[in-house]
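Presented below is the structure to which this report refers.
Note that ligands are numbered from 1 as they come in the structure, with each ligand's atoms numbered from 1 the same way. We use all heavy atoms of the structure for the numbers below, so side chains are in, but hydrogens, waters and symmetry mates are not.
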Amino acid sequence: MPVSGLGPYDDQNIFARILRGEIPCRRAYEDEHALAFHDIAPQAPAHVLVIPKGAYVSFADFSATASEAEIAGFFRAVGRVARELGLEQPGYRLLANTGVHGGQEVPHFHVHLFGGAGLGPMLDHRIAQPA
Ligand code: AMP
């Protein structure tokens with residue numbers, strides 16, 4: 001099992017269905033290794049999801065089992081999407097929720113790309129407080 005709580009890859013997950021063209025997305029970019037599309041419930045003025053084309057449950061799965069070409073191709077695509085969306089200046093945030101504690105809801109590895117405004121602190125500070 002790649003990451004606690006996620007299980008093996010489920011090819012009916014919503015991003016797998018988007019990759020197969022079974023449900024629509026607002027596409028921002030696509031190449032051999034990656035598809036980028038706008039999040040359906042944006043949490044910043046720019047909120048794009050970048051997903052690899054391969055069947056990887058999570059970042060843990062992708063980083064451990066994807067080929068060098070897939071990993072390089074994917075992360076180059078993430079950078080290219082940010083550049084093409086005009087986010088490099090004044091900057092943006094990448095986030096990959098992973099597993100249960102990471103709050104990952106869709107079990108196909110994805111990177112959130114947020115930008116278009118100052119994004120505030122990295123995490124909700126309440127989480128960091130000692131119990
Ligand atoms: P995560 O919690 O990291 O798994 O994030 C999943 C993200 O997928 C959320 O931000 C959702 O709003 C987004 N999402 C779910 N379904 C769709 C969809 N059909 N098209 C675009 N974004 C989606």
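The protein heavy atom nearest to atom 8 (O) of ligand 1 is F15 CZ, 3.4 Å. For atom 4 (O) of ligand 1, the nearest non-hydrogen atom of the protein is E105 N, 2.7 Å.
Between K53 and E30, at least one side-chain N (NZ, or NE/NH1/NH2) sits under 4.0 Å from a carboxylate O, which counts as a salt bridge.
Residue H33 holds its NE2 atom at 13.0 Å from CZ of F75, rounded to the nearest 0.5 Å. Atom CG in L19 sits 3.5 Å away from atom CD1 in I51 (nearest 0.5 Å). For the atom pair D61 CG and F109 CZ, the distance stands at 10.0 Å (nearest 0.5 Å).
Remark: aromatic rings of F62 and Y56 are close, center separation under 6.0 Å. Proximity of the aromatic rings of H110 and H108 is defined here by a centroid distance below 6.0 angstrom, and this criterion is not met. Ring to ring, F59 and F74 are not that close: their centroids are 6.0 angstrom or more apart.
Those atoms of ligand 1 with a heavy atom of H110 less than 4.0 angstrom away are 1 (P), 3 (O), 4 (O), 5 (O), 6 (C). Set against the non-hydrogen atoms of H112, the atoms of ligand 1 under 4.0 Å away are 1 (P), 3 (O), 5 (O), 7 (C), 10 (O). Near A41, with a cut-off below 4.0 Å to any heavy atom, the atoms of ligand 1 are 12 (O). If you number the atoms of ligand 1 from 1 as listed, the ones under 4.0 Å from a heavy atom of G103 come out as 2 (O). Ligand 1 places these atoms under 4.0 Å from at least one heavy atom of N97: 1 (P), 2 (O), 3 (O). For ligand 1, the atoms sitting less than 4.0 Å from at least one non-hydrogen atom of Q104 are 4 (O), numbered in the order shown with element in parentheses.
Taking only non-hydrogen atoms, the option from I40, L49, D39 nearest to atom 16 (N) of ligand 1 is I40.
Contacts of H38 with ligand 1, taken as heavy-atom pairs under 4.0 Å, involve the backbone alone.
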